[in-house]
2 protein chains.
Amino acid sequence: MPREARDSRRAIFEAAAAEFAARGFSATGVDRIARRAGVNKAMIYYHFGSKQRLYRDIVREIVLAIRTRTRAIAAGDAGPGRKVSSFIEAFVSEAQARPHMPPIMMREVAEGGRHLDAGTLRVIAGVFESLLAILKEGRRTGAFIRVHPLLMYFTIVGPTMMFFGSGPIRSAILSLAAVGFPEVGPELLIEHLRKMAVRTLTPSPHGAGTPARAGAGPRSRSRSATTSSGDQA
Amino acid sequence: MPREARDSRRAIFEAAAAEFAARGFSATGVDRIARRAGVNKAMIYYHFGSKQRLYRDIVREIVLAIRTRTRAIAAGDAGPGRKVSSFIEAFVSEAQARPHMPPIMMREVAEGGRHLDAGTLRVIAGVFESLLAILKEGRRTGAFIRVHPLLMYFTIVGPTMMFFGSGPIRSAILSLAAVGFPEVGPELLIEHLRKMAVRTLTPSPHGAGTPARAGAGPRSRSRSATTSSGDQA
DNA sequence: GTCTATAAATAGATAGAC
DNA sequence: GTCTATCTATTTATAGAC
């Protein structure tokens, strides 16, 4: 497997990841990928067979890296509190290390995983299962109060993907001089999420697990939010 | 402006919103929209001029509805704590009332607002500005501790969009029998976010604003997360 | 306002020389 | 492994009859 002037397969892989992240699967043309990679379009089909297989390879690599880390954390011997903290740190640092991940995953969520294969979907499920296992362990040992695992998952994953994926739209808005977004770094995000997770998961030191909502009681509302929207009841 | 058998403009508008939400801007064909709306394809161009203008109209209507509500909340005379709570409730209930909103907005964030006009981007900025004003007011009155506004915004908006936008991918994963997702309703989400916001924003009753991280200290890590990935510093 | 027919451009993918 | 040339299908959009 010689690697001359420049490994064309790798060049395609990285150019495609950047294009898919910036424009989405169907808006990205193979011509564009080839031009960006500096290779001939036919090489994409030589190496990957189709645009979809190329895309799937990219997504799978991304989610595999995340699941590998979160699984190791869940299976470790640290306490549940530290495991949650490590989960957050792992997820954020993966998002930071692979700038293409957040936009691609946001789109894939929005699209219902339509472009993915069953194996990759299972890997994605595995990331959630890692957190689920940690939360269950915390329940067993009494370290955590009862929380909804999916909501906890979304409260870690959602802000992280929004934060790292929103760079371009923040720039676009900034150029309109409407708002000045204060700068944020990954360390601040990790710190924020850790605090949030700890405060949400650990029993309140001054009372029951569900403290009174200080000054944030429910308001009377005019709009009706009666019907549940389908499957999430 | 007579509305006979069925207003074709409205039919197109709603069919397009559903298609754009499910497949994204470029993966959605005008043929598909027309078929779903039960009208002729030429009617799309008669009413909207182009696929992009149709898309922009849809997005603008969505974000305008949100900004109208959040602005009114920020300008109201309730206390900051209640305003944050109302902001959360407004955002969640808009996401629930318009099922097309979360996927469309997730994609638009991922794409950097590429398909949007400046006016719509400004409206999006206005939603954030509503929360920003509330947070500043809370700082002035001493009700809130110092938090990063953008992180707070993402921690409300991110989980909400993930929650409502992830229905299809959860179904896809569920069909693989890998994980059973526990059911969640919007009320639980609102409750969860409210608690999260209150605990993050209000000064700790038992000490300084930044409590010790109970069992969640930083771990030594082997992976390096040194370089900042470009524009998000 | 609504339809048919079609223009014009671009997409993903392949054949085959080298 | 890499390139040129091309096939085929699909896409946005429009012209023009009714």
Side-chain angles (χ1 to χ4, degrees), chain A residues 1-60 104 107-108 111 113-117 120, chain B residues 1-60 104 107-108 110-111 113-117:
Chain A
M1 198 198 275
R3 190 190 333 155
E4 257 102 34
R6 183 170 86 289
D7 190 5
S8 66
R9 189 186 158 93
R10 189 165 198 84
I12 291 168
F13 195 87
E14 275 159 21
E19 286 294 322
F20 285 138
R23 316 172 89 88
F25 176 77
S26 35
T28 297
V30 288
D31 278 300
R32 241 189 122 80
I33 296 172
R35 199 161 53 82
R36 178 166 190 151
V39 305
N40 191 278
K41 178 170 63 161
M43 293 305 294
I44 292 174
Y45 294 93
Y46 173 75
H47 280 302
F48 295 95
S50 76
K51 178 184 164 183
Q52 189 174 76
R53 278 210 286 279
L54 168 58
Y55 180 78
R56 287 181 174 177
D57 278 12
I58 290 169
V59 177
R60 178 173 295 220
I104 288 178
R107 270 188 251 257
E108 216 42 62
E111 241 146 287
R114 181 172 298 152
H115 308 299
L116 304 180
D117 53 303
T120 300
Chain B
M1 202 196 273
R3 190 187 336 155
E4 256 102 34
R6 182 171 86 290
D7 190 4
S8 66
R9 189 187 157 93
R10 189 164 197 86
I12 291 167
F13 195 87
E14 274 158 21
E19 286 293 323
F20 285 137
R23 316 170 90 87
F25 176 78
S26 35
T28 297
V30 288
D31 277 300
R32 240 190 124 81
I33 295 172
R35 198 160 55 82
R36 179 167 190 152
V39 305
N40 190 277
K41 177 172 62 163
M43 294 304 296
I44 292 174
Y45 294 93
Y46 173 76
H47 279 302
F48 295 96
S50 75
K51 178 184 164 184
Q52 189 174 76
R53 278 210 285 281
L54 168 59
Y55 180 77
R56 287 181 173 176
D57 278 13
I58 290 169
V59 178
R60 178 174 296 221
I104 287 178
R107 271 188 250 257
E108 216 43 63
E111 241 147 287
R114 181 172 298 154
H115 308 300
L116 304 181
D117 52 302

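In the text below, chain A, chain B and the rest are named by the order of the sequence lines, each starting its count at 1. Every heavy atom of this structure was used, including side-chain atoms; hydrogens, water molecules and symmetry mates were not.
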query = Do any side-chain nitrogens or oxygens of B:Ser8 fall under 4.0 Å of OP1 or OP2 in C:dT2?
reply =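 Yes.
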note = side-chain contact (heavy atoms from CB on, under 4.5 Å) test vs A:Ile12 passes for just one of A:Ile44, A:Asp7, A:Val30, namely A:Ile44
key: Counterpart residues, salt bridge (charged side-chain N to carboxylate O under 4.0 Å, His left out), relative to B:Glu111 (two or more places apart)   =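 Expected list: A:Arg107.
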ask   = Looking at residues at least two apart in the chain, or sitting in another chain, which of them share a salt bridge (charged side-chain N to carboxylate O under 4.0 Å, His left out) with A:Arg35?
value = none
task = Output the single nucleotide from C:dG12, C:dT2, D:dT2 whose closest atom is nearest the side chain of A:His47.
result =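 Given the options C:dG12, C:dT2, D:dT2, the side chain of A:His47 is closest to D:dT2.
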request  = Step by step, work out the side-chain contact (heavy atoms from CB on, under 4.5 Å) result for A:Phe20 and A:Val59.
outcome  = CA-CA 10 Å; A:Phe20 285 138; A:Val59 177; over 6 Å; no
task = Could you tell me whether A:Arg56 sits above the aromatic face of A:Phe48, with NZ or CZ closer than 6.0 angstrom to the six-membered ring centre and within 45 degrees of the axis?
result =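 No cation-pi geometry.
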query = Tell me: CZ of A:Arg35 to P of C:dA11, nearest whole Å?
reply = 11 Å
request  = Kindly write out the residues that satisfy salt bridge (charged side-chain N to carboxylate O under 4.0 Å, His left out) with B:Arg32, not counting sequence neighbours, or none if the list is empty.
outcome  =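 Result, salt bridge (charged side-chain N to carboxylate O under 4.0 Å, His left out) vs B:Arg32: B:Glu19.
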inquiry  = Under the rule for side-chain contact (heavy atoms from CB on, under 4.5 Å), what residues qualify as partners of A:Ala27, not counting sequence neighbours?
reply    =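 side-chain contact (heavy atoms from CB on, under 4.5 Å) list for A:Ala27, sorted by chain: A:Arg23, B:Ser26.
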ask   = Does B:Tyr45 put a side-chain nitrogen or oxygen below 4.0 Å from OP1 or OP2 of D:dA13?
value = yes
inquiry  = Give the residues of residues 17-31 of chain A touching DNA chain D, defined as any heavy atom closer than 4.0 Å, sorted by residue number.
reply    =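 Output list: empty, so none.
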Protein and nucleotides 3-5 of chain C: nitrogen or oxygen contacts under 3.5 angstrom:
from	atom 1	to	atom 2	distance (Å)
C:dC3	OP2	B:Asn40	N	3.3
C:dT4	OP2	B:Asn40	ND2	3.4

